[in-house]
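Have a look at the structure below, then the notes.
What's counted below: heavy atoms across the whole structure, side chains too, no hydrogens, waters or symmetry copies. Residues take their numbers from the sequence shown, with the count starting at 1.
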Amino acid sequence: LYHFSYVGSRFRPMVTRAFHAAEIQYVFEYWGRRTPLSMIKPDDKAMADLMHGCWVAFAKTGKPDCAGWPAYDPRSDQLMEFGAQSGVRTHFRKSRLDAQEAFALPTLELSK
């Protein structure tokens, strides 16, 4: 389980939070139409190196075994956050996510 909160240097003047699927270009080190190579800064490259390395390790071993990223266990409730300060988080946004699970998810009627 992970949370991606890193905002690329190109987007920082316009947004303060990462958007859905923003991590894809870092996981696959894909710098294409959205972010040309000329706009990649050292911190963007460092994030790509970290994420790409984590995903490659996971593909090779079946374990998210990089940067201390633990396999998710609800008893310890830890996840990896990829952000300006990446690292393992315990009970990440617990009250907010518990509220969503209790009140919002049932309204989606996913089990039908």
With sequence neighbours excluded, tell me which residues meet side-chain hydrogen bond (donor to acceptor under 3.5 Å, both in side chains) with K63.
-> none
For A71, check side-chain contact (heavy atoms from CB on, under 4.5 Å) against everything at least two apart and list the hits.
-> none
Please output the side-chain donor-acceptor pairs of residues 81-92 that fall under 3.5 Å, not counting sequence neighbours, one pair per line with the distance.
residue	atom	partner	partner atom	Å
E81	OE1	R89	NE	2.8
E81	OE1	R89	NH2	3.4
E81	OE2	S5	OG	2.7
S86	OG	G83	N	3.1
S86	OG	G83	O	3.1
R89	NH2	Q85	O	2.3
T90	OG1	Q78	NE2	3.1
H91	ND1	D77	OD2	3.1

Nearest atoms (heavy-atom pairs only) where T107 meets F103 = CG2-O, 3.4 Å
Listed by chain and number, what are the side-chain contact (heavy atoms from CB on, under 4.5 Å) partners of E101, not counting sequence neighbours?
-> D98, L105
Value for CD1 (I40) from CD (Q25), rounded to nearest 0.5 Å, stands at 6.5 Å
Check: D44 main-chain N/O paired with Y6 side-chain donor or acceptor under 3.5 Å | yes
Plane angle bin for W69 and W55 - parallel if under 30°, tilted between 30 and 60°, otherwise perpendicular = tilted
Please lay out, stage by stage, how R75 and D73 fare under the test salt bridge (Lys or Arg N to Asp or Glu O under 4.0 Å).
-> CA-CA 5 Å; R75 293 170 294 186; D73 180 340; 2.8 Å; yes
Which residues satisfy the salt bridge (charged side-chain N to carboxylate O under 4.0 Å, His left out) test with D49, sequence neighbours excluded?
-> K45
Salt bridge (Lys or Arg N to Asp or Glu O under 4.0 Å) partners of residues 17-26, not counting sequence neighbours, each pair once | none
When rounded to the nearest 0.5 Å, the distance separating CG of L50 from OH of Y26 is 12.0 Å
Which atoms form the tightest heavy-atom contact between L1 and L79, and what is the distance?
-> O-CB, 3.4 Å
Any chance you could measure H52, atom NE2, to Y30, atom OH, to the nearest 0.5 Å?
-> 15.5 Å
Please answer: with hydrophobic residues joined when any side-chain heavy atoms are less than 4.5 Å apart, are M47 and V27 in the same cluster?
-> yes
